[in-house]
Amino acid sequence: MATTALGKFLRKIRVDRDERLYDMAKHLGVSPAFLSGVENGHKKASTTLIDNIIDVYNLDVDQQERLKDALSISENRIDISQFSPQKQEATLMFARKFDELTDEQIDQIKNILKGDDDHN
């Protein structure tokens, strides 16, 4: 059974809190089978489930961001609907050109986005 990025994130929460999948499912108000399906990519995680994970496990801002990143990776999608039209256009341009970027260019972009002072 292949575990998704979201599944790995959820498993880490369980390990850190010494819980089983059954325990987490019970805390989140879903069946263990459904939660297992979410973890291995056979079921889609709803917004309600993600919100419950954040609330029930009292995730800090960094953990929330990692959870949402894991969800995006697991679903192979990024929601840009809340972005301004200018940001949507820039995001789409970046996505179209991504395969043309060198590893060095990608590292430079990552450093800029991380806020590193040395971009060169």
In Å, rounded to the nearest 0.5 Å, how long is the span from CD1 of Ile53 to NZ of Lys68?
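One finds 11.5 Å between CD1 of Ile53 and NZ of Lys68.
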Rounded distance (nearest 0.5 Å) linking atom CG of Asn40 with atom CG of Leu35
10.0 Å
Do Met24 and Val56 share a hydrophobic cluster, counting only Ile, Leu, Val, Met, Phe, Trp and Tyr and linking them when any side-chain heavy atoms are less than 4.5 Å apart?
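Same cluster.
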Give me each pair satisfying ring-ring contact (aromatic ring centres under 6.0 Å, His included) with a member in residues 26-69, each pair once, sequence neighbours excluded.
none
Any pair counted as salt bridge (Lys or Arg N to Asp or Glu O under 4.0 Å), so long as it reaches residues 20-42, sequence neighbours left out
Arg14-Glu39, Arg20-Asp23
Hey, could you give me each pair passing salt bridge (Lys or Arg N to Asp or Glu O under 4.0 Å) that has a residue in residues 80-92? Not counting sequence neighbours.
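Output for this query is empty, none listed.
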Report yes if some heavy atom in the side chain of [X] is under 4.5 Å from a heavy atom in the side chain of [Y]; otherwise report no.
X: Lys44; Y: Val38; result: no
X: Leu71; Y: Leu67; result: no
X: Phe98; Y: Ile106; result: yes
X: Glu104; Y: Gln108; result: yes
X: Phe94; Y: Leu101; result: yes

Just by modelled atom types, is the [Y] backbone N or O under 3.5 Å from a matching donor or acceptor in the [X] side chain?
X: Ser74; Y: Leu6; value: yes
X: Ser72; Y: Ile78; value: no
X: Gln64; Y: Ile54; value: no

Are there more than 12 heavy atoms of other residues, nucleotides or ligands under 6.0 Å from atom [atom1] of [X]?
X: Asp18; atom1: CG; answer: no
X: Glu65; atom1: CD; answer: no
X: Asp103; atom1: CG; answer: no

Heavy-atom pair with the smallest gap, counting every atom of Ala45 and Leu49
CB-CD2, 4.1 Å
Which pair of non-hydrogen atoms, one from Asn58 and one from Gln63, has the smallest distance, and what is that distance?
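That closest heavy-atom pairing would be O-OE1, 4.2 Å.
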Check the pair Ile13, Leu59 against side chain to side chain contact (heavy atoms under 4.5 Å, CB included), reporting the backbone distance first and the verdict last.
CA-CA 10 Å; Ile13 291 174; Leu59 301 185; 4.2 Å; yes
